[in-house]
Amino acid sequence: MLLLPSVGCTSGEYSDLGKVTGQVTMDGQPLAKSLVRFAPESGRPAMGVTDEQGNYELIYVRDIRGAEPGKYQVEITTWFRPETIEDSYKKRVEKIPAKYNKRSTLTATVEQGDNQIDFQLESK
């Protein structure tokens with residue numbers, strides 16, 4: 001009998017990740033189609049996109065959900081996915097103030113287990 005080692009990642013490799021979900025609102029209204037990016041001081045960032053109700057779930061890599069435990073700077077930007085070739089040439093207009101993305105003041109701490117992290121943004 002010949003035994004071959006399995007190739008690829010195992011779920012145990014990511015067992016210490018914390019599951020991160022939440023809701024993003026702006027001026028009290030759900031913020032749809034926004035990219036939520038958790039950037040650690042070092043290591044891999046985790047990202048998610050909000051749905052129509054402003055809900056997001058972070059993805060660590062490919063289909064692995066979550067983020068490593070630790071402190072993060074959080075950036076929230078307008079999500080833009082071109083639907084046509086012509087759309088890809090259009091300049092993206094950022095609808096979210098820079099204090100939440102380019103000059104983000106948002107931070108979060110992720111722990112092992114479930115994390116509900118909501119963001120209430122203000123347009124002014």
Side-chain angles (χ1 to χ4, degrees):
M1 175 186 254
L2 177 63
L3 296 175
L4 298 174
S6 63
V7 178
C9 301
T10 62
S11 60
E13 188 175 342
Y14 300 109
S15 63
D16 62 336
L17 296 180
K19 179 180 179 182
V20 181
T21 59
Q23 184 184 42
V24 180
T25 59
M26 182 156 350
D27 300 327
Q29 299 300 314
L31 191 59
K33 297 182 182 176
S34 297
L35 178 67
V36 180
R37 182 175 186 266
F38 279 48
E41 288 184 21
S42 64
R44 178 186 295 275
M47 295 177 261
V49 177
T50 59
D51 63 16
E52 294 302 317
Q53 290 77 41
N55 297 312
Y56 73 93
E57 181 175 5
L58 292 185
I59 297 174
Y60 185 66
V61 61
R62 292 184 297 278
D63 61 345
I64 306 294
R65 301 195 183 293
E68 292 182 22
K71 295 182 186 232
Y72 290 84
Q73 179 174 10
V74 179
E75 300 170 0
I76 302 174
T77 60
T78 302
W79 175 251
F80 177 72
R81 183 178 203 142
E83 295 182 17
T84 66
I85 292 174
E86 291 80 22
D87 285 348
S88 65
Y89 293 107
K90 291 180 183 175
K91 183 176 179 181
R92 183 175 69 108
V93 177
E94 182 58 70
K95 299 174 186 172
I96 301 170
K99 66 182 175 181
Y100 303 123
N101 45 66
K102 292 178 189 173
R103 295 185 293 276
S104 183
T105 59
L106 299 173
T107 59
T109 300
V110 174
E111 298 176 355
Q112 283 186 320
D114 292 339
N115 296 262
Q116 173 76 31
I117 303 174
D118 298 331
F119 297 97
Q120 293 84 34
L121 312 183
E122 297 177 0
S123 60
K124 297 189 189 256

Is a side-chain donor or acceptor of D27 paired with a backbone partner of S123 at a separation under 3.5 angstrom?
yes

Treating Y72 as the side-chain partner and R37 as the backbone partner, does any N or O pair qualify as donor plus acceptor under 3.5 Å?
no

Please report the closest heavy-atom contact between G22 and D118, naming both atoms and the distance.
CA-OD1, 3.3 Å

Would you mind reporting whether I64 and I59 have side-chain heavy atoms less than 4.5 Å apart?
no

Assign the ring pair F38 / Y56 to parallel, tilted or perpendicular, where the plane angle (0 to 90°) is split at 30° and 60°.
tilted

Any L106 side-chain heavy atom under 4.5 Å of E75 side chain
no

Is a donor on one side and an acceptor on the other found under 3.5 Å between the side chain of N55 and the backbone of D51?
no

Is V36 close to V74 at the side-chain level, that is, under 4.5 Å between some pair of heavy atoms?
yes

Find the distance between CD (E122) and NZ (K99) and round it off to the nearest 0.5 Å.
6.0 Å

Could you check if a side-chain atom of R65 sits within less than 4.5 angstrom of a side-chain atom of E57, using non-hydrogen atoms only?
yes

Check whether any side-chain heavy atom of S34 sits under 4.5 Å from a side-chain heavy atom of V24, and report yes or no.
no

Same apolar cluster (I L V M F W Y, side chains within < 4.5 Å links), Y100/F119
yes

Side-chain donor/acceptor of Q23 to backbone N/O of Q53, under 3.5 Å:
yes

Rounded to the nearest 0.5 Å, how far does OG1 of T77 lie from CG of L35?
4.5 Å

May I ask you to test the N101-I76 pair for a side-chain heavy-atom distance under 4.5 Å?
no

Could you check whether E94 and T78, counting side-chain N and O atoms only, form a donor-acceptor pair closer than 3.5 Å?
yes

Nearest heavy atoms of A39 and P45, plus distance in Å:
CA-CB, 4.2 Å

Nearest-0.5 Å distance, CD of residue Q73 to OG of residue S104:
5.0 Å

Is there a side-chain contact between L121 and L31 (heavy atoms, below 4.5 Å)?
yes

What heavy-atom pair brings V110 and A67 nearest, and what distance separates the two atoms?
CG1-O, 3.8 Å

Can you find a heavy atom in the side chain of M26 that is under 4.5 Å from one in the side chain of I96?
yes

Under 6.0 Å from the ring centre and within 45 degrees of the ring axis: does the NZ or CZ of R44 meet both conditions for the six-membered ring of Y60?
yes

Keeping the roles fixed (side chain from N115, backbone from K19), state whether a donor-acceptor pair exists under 3.5 Å.
yes

Who pairs with T21 by side-chain hydrogen bond (donor to acceptor under 3.5 Å, both in side chains), at least two apart in sequence or on another chain?
Q116

